[in-house]
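Here the structure is laid out as structure tokens; the discussion comes afterwards.
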Amino acid sequence: MTLPKTPSFRLDGQRALVTGASSGIGSACAVALAEAGAEVTLAARRLDRLDRLAADLDAAGHSAKSLALDVSDIGATEAAVGENGPFDILVNSAGLAIHGPALDTDPDDFSAVSDLNLKGAYFLTRAVAKGLIAAGKPGSLINISSQMAHVGGIERAVYCSTKHGVEGFTKAFAIEWGKARIRVNTICPTFIRTDLTASTFDNPERVAWIEEKIKLGRVGEVEDIMGPVVFLASDASALITGTSILVDGGWTAD
């Protein structure tokens, strides 16, 4: 019999844009894509940190360059994507969280979080898709969402609302651009240990709560996101669109 052949996880010849690449999950995703062979454009506001990551990737034999970008500035983002694209792969890891009781929600805080997490993500994803459609190319567009896009969270009403919104436009985009062979998905991590989450993990009570909710009994590390992002970017996930991969250790299984 003729044996089936596993689709490739390699990304050689592919051009990837990773936003929020200056730290944490975004940085790890950029490394994962570069290791799989993609030419990676690292985007964030902190150019100095991007330059250091690009230099480290180049020294390791990979291809990377830096791009100063604020995803919440829609005009500048669309111009940058148009000038530097088309990109075969998008990983949007730019995000913001301002937590507090719902009754105390400040309108300015709501705007700051939604302008980046929802509005910025929407128009960034659209800009990359627009370039692919103009070039007649397929692509894989990935937004880093959250387990909080599937459940509620105490003192996280604003954050949850933005991430639920990301899941909504992901499904709509996937339907609209499917005929153009553009796939749109999200990755939804649980609590991941990064510089930005250090204050959470410095609180023993909060860590105990997190570990009790995560069925595998440990918190997430950035390495836990690297495999899923390569999978979604590659031909190994060629029939997957309009959905999310929950990297939550079983948090949402209840």
All salt bridge (Lys or Arg N to Asp or Glu O under 4.0 Å) counterparts of [X], not counting sequence neighbours:
| X | value |
| --- | --- |
| R126 | E78 |
| K215 | D254 |
| D248 | none |
| K171 | none |

So which pairs with a foot in [range] pass ring-ring contact (aromatic ring centres under 6.0 Å, His included), sequence neighbours left out?
| range | value |
| --- | --- |
| residues 167-188 | Y122-F169, Y122-F173, F169-F173, F173-W177 |
| residues 64-97 | none |
| residues 23-54 | none |
| residues 25-46 | none |

With the 4.5 Å side-chain cut-off for hydrophobic clustering, are L33 and L53 part of the same group?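 In one cluster with L33: L53, yes.
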Please state whether the rings of F231 and F9 are parallel, tilted or perpendicular, taking 30° and 60° as the class boundaries. tilted
Residues in side chain to side chain contact (heavy atoms under 4.5 Å, CB included) contact with D48, at least two apart in sequence or another chain: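 D48 satisfies side chain to side chain contact (heavy atoms under 4.5 Å, CB included) with R46, R52 only.
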Set of side-chain hydrogen bond (donor to acceptor under 3.5 Å, both in side chains) partners for T170, sequence neighbours left out: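 Counting only residues at least two positions away or on another chain, T170 forms no side-chain hydrogen bond (donor to acceptor under 3.5 Å, both in side chains).
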Inter- and intrachain pairs under side chain to side chain donor-acceptor pair (under 3.5 Å), touching residues 216-230, at least two apart: R193-E221, R218-D224
May I have all residue pairs that pass side chain to side chain donor-acceptor pair (under 3.5 Å) and include part of residues 56-69, sequence neighbours excluded?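 Pairs touching residues 56-69 that pass the test: D51-S66.
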Do S72 and D70 pass the side chain to side chain donor-acceptor pair (under 3.5 Å) test, and can you show the C-alpha distance, the side-chain angles, and the key distance before you say yes or no? CA-CA 5 Å; S72 66; D70 180 353; 2.7 Å; yes
Non-hydrogen side-chain atoms of L17 and I89 separated by less than 4.5 Å: no
